[in-house]
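Step one of this worksheet: look at the structure below.
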Amino acid sequence: MFKRNENWQTILSLFGELTGKRDEAKQIMADYHRRTALLSEELATVLAGALIRPLNSLVRVHSAAHRTGAVLYRDLGLPVPLFVADTPDTAYHISVERSSFVSGKRKSDLFFRLSEGQVREK
C-alpha cells in the first residue's frame, strides 16, 4: 500500500518492475526530468506561485508536502509561498474573503488551480 502523498516516481518505478515495463517507466521519468528542467528555466523569473484548490467557502493552498505541490515547488523550483512554507500539513485553508492573503508579502505571480472537474476519462 502506498502512502497518500507517495512520490509518483517511486510508484511508477515499482509498477514498471511489476509489469515488466521497467524501460518504459525509466523513459517516462527521463522525459519528465527533461521537460521540467526546460520549464523551470522559463519559470526562473517568477517570484512565487501558489497551488490552490477553490472549495465552497474556502481556498485550499497546497504546500510542498502535497504530491502536486512537490512538482511545483521541488521539481520546477518555484518558491513555496511563505504562509505554507513551514507547515507540516499538505494544505492550508483560508476563507475566500482572506484569499488576497495568498498574494500578500511574497506575492504569487501565478496561481495553479486544482479542480476535480479537470480529471476526465478518455
Next on the checklist: Tell me every residue that passes side-chain contact (heavy atoms from CB on, under 4.5 Å) with T90, counting only those two or more places apart in sequence or in another chain.
Outcome noted: R4, N5, A65, H66

Checklist entry - Does a side chain donor of either D31 or Q27 reach within less than 3.5 Å of an acceptor in the other side chain? => result yes

Checklist outcome for this item: Between T36 and D75, the two heavy atoms sitting closest are CB-O, 4.2 Å

Next on the checklist: Within this structure, what is the CG-OG distance for the pair L72 and S63, rounded to the nearest 0.5 Å?
Outcome noted: 11.5 Å

Item to check | Student check: side-chain heavy atoms of E24 and R22 closer than 4.5 Å | outcome: no

Next on the checklist: A side-chain contact here means heavy atoms from C-beta on lying under 4.5 Å apart; do N7 and R74 qualify?
Outcome noted: yes

Checklist entry - If you link I, L, V, M, F, W and Y whenever their side-chain heavy atoms are under 4.5 Å apart, who else ends up in the same group as V71? => result W8, L12, I28, M29, Y32

Checklist entry - Going by heavy atoms in the side chains, are H33 and Q9 under 4.5 Å from each other? => result yes

Item to check | Any donor-acceptor pair under 3.5 Å from D89 side chain to A91 backbone | outcome: no

Item to check | Euclidean distance, Y73 OH relative to T68 OG1, rounded to 0.5 Å | outcome: 10.5 Å

